[in-house]
Amino acid sequence: RKEVEQDPGPFNVPEGATVAFNCTYSNSASQSFFWYRQDCRKEPKLLMSVYSSGNEDGRFTAQLNRASQYISLLIRDSKLSDSATYLCVVRPMNTGFQKLVFGTGTRLLVSP
Amino acid sequence: DAMVIQNPRYQVTQFGKPVTLSCSQTLNHNVMYWYQQKSSQAPKLLFHYYDKDFNNEADTPDNFQSRRPNTSFCFLDIRSPGLGDAAMYLCATSGDSYNEQFFGPGTRLTVL
């Protein structure tokens with residue numbers, strides 16, 4: 001079983017739609033959680049950290065369910081510029097304080 | 001602007017011909033990482049430096065080596081590139097107390 005699993009997609013949605021991605025992780029000792037965004041042939045960039053209480057940044061909402069070991073990302077009012085691959089990232093506590101484990105990503109395509 | 005710089009952006013080498021990729025940072029971060037990312041796959045950590053301390057991932061082939069002569073620079077040496085080493089190589093940095101990793105734009109390596 002992979003440490004971090006995501007549905008690769010693609011998720012094809014029209015502009016203005018709401019779309020949600022889920023991610024599961026296998027290491028229950030994982031400490032920190034993130035969503036990174038990666039545009040085609042570019043580097044990953046941090047979109048948002050995921051906190052236990054859930055957090056929101058504009059149109060983006062991230063939630064963490066430790067009991068079920070999954071993380072979600074909700075995008076409201078999708079824009080064409082949201083088209084990208086969204087990487088779920090986990091920092092396992094017992095594998096080094098700075099090591100991040102990346103999922104393979106979920107591809108989002110927003111169409112006019 | 002503080003940033004992570006990778007050179008070259010595109011590198012073509014021949015099978016078996018050694019190649020060196022470089023990374024520099026102006027963030028003054030003490031941790032530097034090298035990742036390998038193949039198409040539609042997650043970035044895979046090869047190794048990282050915490051200051052001068054080198055930390056190799058258990059499954060990183062011996063063909064991959066790294067040097068960090070000072071805080072700002074880190075190099076990835078591929079001693080005998082094979083066709084399977086063609087990938088995007090991403091350098092990233094992070095500070096002591098920060099979870100976020102800042103990525104460079106990557107070097108896309110082609111092996112002929």
Side-chain angles (χ1 to χ4, degrees), chain A residues 1-10 21 23-27 30-52 55 57 62 64 71 84-109, chain B residues 1-7 9-10 21 23 25 27 29-51 53-60 74 86-110:
Chain A
R1 183 185 174 188
K2 291 181 181 177
E3 286 191 75
V4 179
E5 294 206 61
Q6 298 181 251
D7 180 343
F21 310 136
C23 161
T24 58
Y25 60 95
S26 61
N27 189 335
S30 296
Q31 188 175 39
S32 304
F33 310 88
F34 311 90
W35 285 101
Y36 274 70
R37 170 190 170 133
Q38 187 171 25
D39 291 293
C40 187
R41 302 176 79 85
K42 297 285 184 68
E43 73 274 23
K45 292 184 179 178
L46 179 66
L47 178 67
M48 58 197 304
S49 301
V50 186
Y51 302 120
S52 296
N55 49 299
D57 183 2
L64 168 64
I71 307 147
T85 296
Y86 291 84
L87 301 167
C88 176
V89 184
V90 171
R91 181 161 71 86
M93 187 166 62
N94 58 350
T95 57
F97 84 106
Q98 283 286 3
K99 179 174 179 176
L100 298 181
V101 179
F102 287 77
T104 55
T106 297
R107 192 169 171 216
L108 173 65
L109 298 172
Chain B
D1 287 343
M3 55 180 21
V4 182
I5 302 162
Q6 290 189 244
N7 286 304
R9 295 292 308 279
Y10 301 91
L21 310 181
C23 175
Q25 54 129 343
L27 297 161
H29 284 165
N30 53 354
V31 191
M32 294 187 77
Y33 311 78
W34 279 105
Y35 290 86
Q36 178 194 65
Q37 187 177 26
K38 297 184 178 180
S39 181
S40 301
Q41 295 185 22
K44 177 181 179 299
L45 182 64
L46 297 173
F47 24 61
H48 76 275
Y49 276 94
Y50 182 84
D51 291 327
D53 292 333
F54 178 70
N55 298 272
N56 198 30
E57 292 299 299
D59 57 354
T60 297
C74 195
M88 173 80 93
Y89 289 88
L90 294 160
C91 174
T93 73
S94 66
D96 249 338
S97 55
Y98 301 115
N99 286 317
E100 181 179 0
Q101 291 186 13
F102 295 83
F103 285 82
T107 294
R108 186 165 294 279
L109 178 68
T110 299

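Note on naming: letters A, B, ... go to the chains in the order of the sequence lines (proteins, then strands), and numbering restarts at 1 for each one.
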(request) Check side-chain hydrogen bond (donor to acceptor under 3.5 Å, both in side chains) between Q38(A) and all other residues, then give those that pass, not counting sequence neighbours. (result) Q37(B)
(message) Quick check on the interface: out of S39(B), P43(B), G106(B), who has the most heavy-atom pairs with chain A under 4.5 Å?
(response) P43(B)
(message) Report which part of Q6(B) has an atom under 4.5 Å of a heavy atom belonging to chain A: side chain, backbone, both, or neither.
(response) neither
(request) Taking the side chain as every heavy atom from C-beta outward, state whether C23(B) and W34(B) have any pair of such atoms under 4.5 Å apart. (result) yes
(request) Indicate yes or no: at least one non-hydrogen side-chain atom of C23(A) is less than 4.5 angstrom from one of W35(A). (result) yes
(message) For the interface with chain B, which of G105(A), G103(A), P44(A) has the highest count of heavy-atom pairs at distances below 4.5 Å?
(response) P44(A)
(request) Go through the atoms of R41(A) and report whether side chain, backbone, both or neither lie under 4.5 Å from a heavy atom of chain B. (result) both
(message) Closer than 3.5 angstrom, by distance alone: can the side chain of D51(B) be matched with the main-chain N or O of D53(B) as a donor-acceptor pair?
(response) no
